[in-house]
Protein chains: 2
Amino acid sequence: MVTLKHLAEQLNVSISTVSKALHDSDEISPDTIERVKALAKFLNYKPNRLAVSLKNSKTNTIGVIVPNILNHFFAKALFAIEQEATKQGYNIITCLSNELQSKEINSLQLLSNGSVDGFIMSMAQETQVANKVDHINAILSQNIPIVLFDRVSEDIDCDKVIIDDFGAAYEATKHLLSEGRKHIVLVSDIDELSVGKLRTSGYLEALSEASNYTSEPVIVTTKKSKSIEEVIEQLFIDNSHIDAIISIDNTTGVIALQKALNLNFSIPKELSIIGFSDENVLQFTNPKLSTVSQHTLDIGKASVKMLINNLNDKTSVNRTTKTIKTKLVLRGTTL
Amino acid sequence: MVTLKHLAEQLNVSISTVSKALHDSDEISPDTIERVKALAKFLNYKPNRLAVSLKNSKTNTIGVIVPNILNHFFAKALFAIEQEATKQGYNIITCLSNELQSKEINSLQLLSNGSVDGFIMSMAQETQVANKVDHINAILSQNIPIVLFDRVSEDIDCDKVIIDDFGAAYEATKHLLSEGRKHIVLVSDIDELSVGKLRTSGYLEALSEASNYTSEPVIVTTKKSKSIEEVIEQLFIDNSHIDAIISIDNTTGVIALQKALNLNFSIPKELSIIGFSDENVLQFTNPKLSTVSQHTLDIGKASVKMLINNLNDKTSVNRTTKTIKTKLVLRGTTL
DNA sequence: GTGAAAGCGCTAACAT
DNA sequence: ATGTTAGCGCTTTCAC
């Protein structure tokens, strides 16, 4: 590895002269600058990031903790985070909590020792279910900023990026009502998560506001004892009058669509389906699933921007929550 | 941030004593060790990773460069890499090349300045198509080890983890032949990649060995001008006698299945389909797609192990290529 | 058993 | 215009 020392020795100047020259300091004569830069380029000199970071107490690295990279939503969020971070001159260190609080605690601990300037994270399911957030607040109290996205907690005072989960489900349900649907079933694989609860509330609210809707709300959640597919098969058995499904997670909508097609439902004539799936999944369905688009790329991008803003102005104490607009995209599974 | 200096001052001992105590040096008296550790724990002392790394010229960090995180295969590989790396006490810095050589070069340059001990990567499509690999060899010549997985090049002398692409496609095609299929079409979205070429060869070889197979091989590749879906629709128009499809990439198999169902093919009676999709995609199909399982988790895991081995024994000069076994998993789309 | 000092590679205040 | 020095936080050799 080529260091400033090497360059200095080769050129018979001091290390600091080399350092200054490489930074275009006007303390250094133009031709020295030239000579230094020429040699640096020739030897492919690259400043050692560890040393620079140590010196400056600034790593230009963001710790990103996502619960599950195999979930399209998080893969896409990570994609956007990496893209925006790179654009702004930051690296990302990626940790996957795999929905476990223990891994989340571990990653946070491990990286809060000078490895990163701040964190962008979405809470592990375990953490959110128990609402045990001390480990996150501990980081904040060390003055390391965190941006929470998607899965957040009210007990953490930090910047947040979310979508209007209540509103999105409310709007989707409203749409199904406007189609004249009379038996709208909600399916959820995420009833334990904050976003799941909010979306369910939106569904319930829309139904309760519909004066001419006479059925009871039906909420079907997945359970550990059964596979998602079994739950959805049972759903069709239990709800013979079903004429609409709103799936509030990434996967159950697509699976419900497959099962319904198998049962020879005419879609969307007899049965409408709206999901919360990421676009990438949809290319595999036929007809294409109507969905609530979450603008995942915007979520990732906004998270990075918020964190870097915070990093650049540590004095600001006001924490903000940014809500990314969703959009109901009607495709082939709605009228 | 709590440093050794803080601890030393509090305890009225020297910094080096603290350092040694924390490392259980037998130069230090048991009770000093105890006192030091107690205070360290109390103040939540964590050694500054930058300083340790700088001192030891060892970062315990792996740079991971993947072409496309939205591809299930790479998401899963990343999942496995992160898991194994964490297990072995390494962090990963993730970079996404987005199939662009420029981004690949950039990431390599950026991290080869002391940020990481080595790289695990799969080549960007651009890089592989042009077989322009100087930037990768440049890193190797700086004595920074690289493990290449999935998409590799013969012009790079480093450790590699691959699957037997030729053999996997050969075996899959053999299976279709054994079903008595007479018109087997190969579909590929990756005909420009090394793995695509090898899998195609396997298909061709299997057909040419089949003495009673009279049709010509048919290879359908996607093109930039058309969507994958259009290409597959056209495929069914052009090949009216088609009775089997082998898809050698992640997505075309699933799409072909949807289209075939739409065209009222009885599957697998009239038409067999075998894909190379990752398991995660399959939960969305009905019937379930038969596939070549690539054991992606093993690929990721093996990559990490190889890299760390190399890191631990830099003297070893022999580069090896590990081939992960594939498995033909017959599900609902084959007889 | 403890401490002083050098050094990893870099920056920056302070000489000259 | 150039060099000296101290220091970021840590490890380690060498003194005492």
Polar contact flag, side-chain donor to acceptor under 3.5 angstrom, B:Asn60-B:Asp117 = no
Lys/Arg N to Asp/Glu carboxylate O, A:Asp159 vs A:Lys322, below 4.0 Å = no
Counted 5' to 3', the first and last nucleotides of DNA chain C within 4.0 Å (strictly under) of a heavy-atom of chain B are C:dG1 to C:dG9
The contact string for nucleotides 2-7 of chain D, one letter per nucleotide 5' to 3', using protein heavy atoms under 4.0 Å with B, S and - for base, sugar-phosphate only and none, comes out as BBB--B
Neighbour count >12 (heavy atoms, 6.0 Å) for atom NZ, B:Lys301 = no
Is A:Asp157 salt-bridged to A:Arg319, going by a charged N under 4.0 Å from an acidic O?
-> no
Output for pair (B:Phe42 CZ, B:Gln10 CD), nearest 0.5 Å, gives 9.0 Å
Rounded to the Å, how far apart are B:Asn48 CG and D:dC8 P?
-> 12 Å
Send over the distance from B:Lys46 NZ to D:dC10 P, rounded to a whole Å.
-> 12 Å
Which residue lies more 5' along DNA chain C, comparing B:Pro30 with B:Asn56 via nearest heavy atoms = B:Pro30
Rounded distance [0.5 Å steps], CZ in B:Phe74 versus CD1 in B:Ile69 | 9.5 Å
State, with a plain yes or no, whether a side-chain heavy atom of B:Leu4 is found less than 4.5 Å away from one of B:Leu22.
-> yes
Derivation and outcome, salt bridge (charged side-chain N to carboxylate O under 4.0 Å, His left out), residues B:Lys160 and B:Glu154 | CA-CA 10 Å; B:Lys160 294 165 193 168; B:Glu154 289 192 348; over 6 Å; no
Output for pair (A:Gln101 CD, A:Leu108 CG), nearest 0.5 Å, gives 10.0 Å
Axis-to-axis angle across the helix from C:dG1-D:dC16 to C:dT16-D:dA1, five pairs an end, to 10 degrees?
-> 60°
Atom-pair distance (CG on A:Leu50; C1' on D:dG9), nearest Å | 12 Å
Is A:Glu82 paired with B:Lys103 through a side-chain N to carboxylate O contact shorter than 4.0 Å?
-> yes
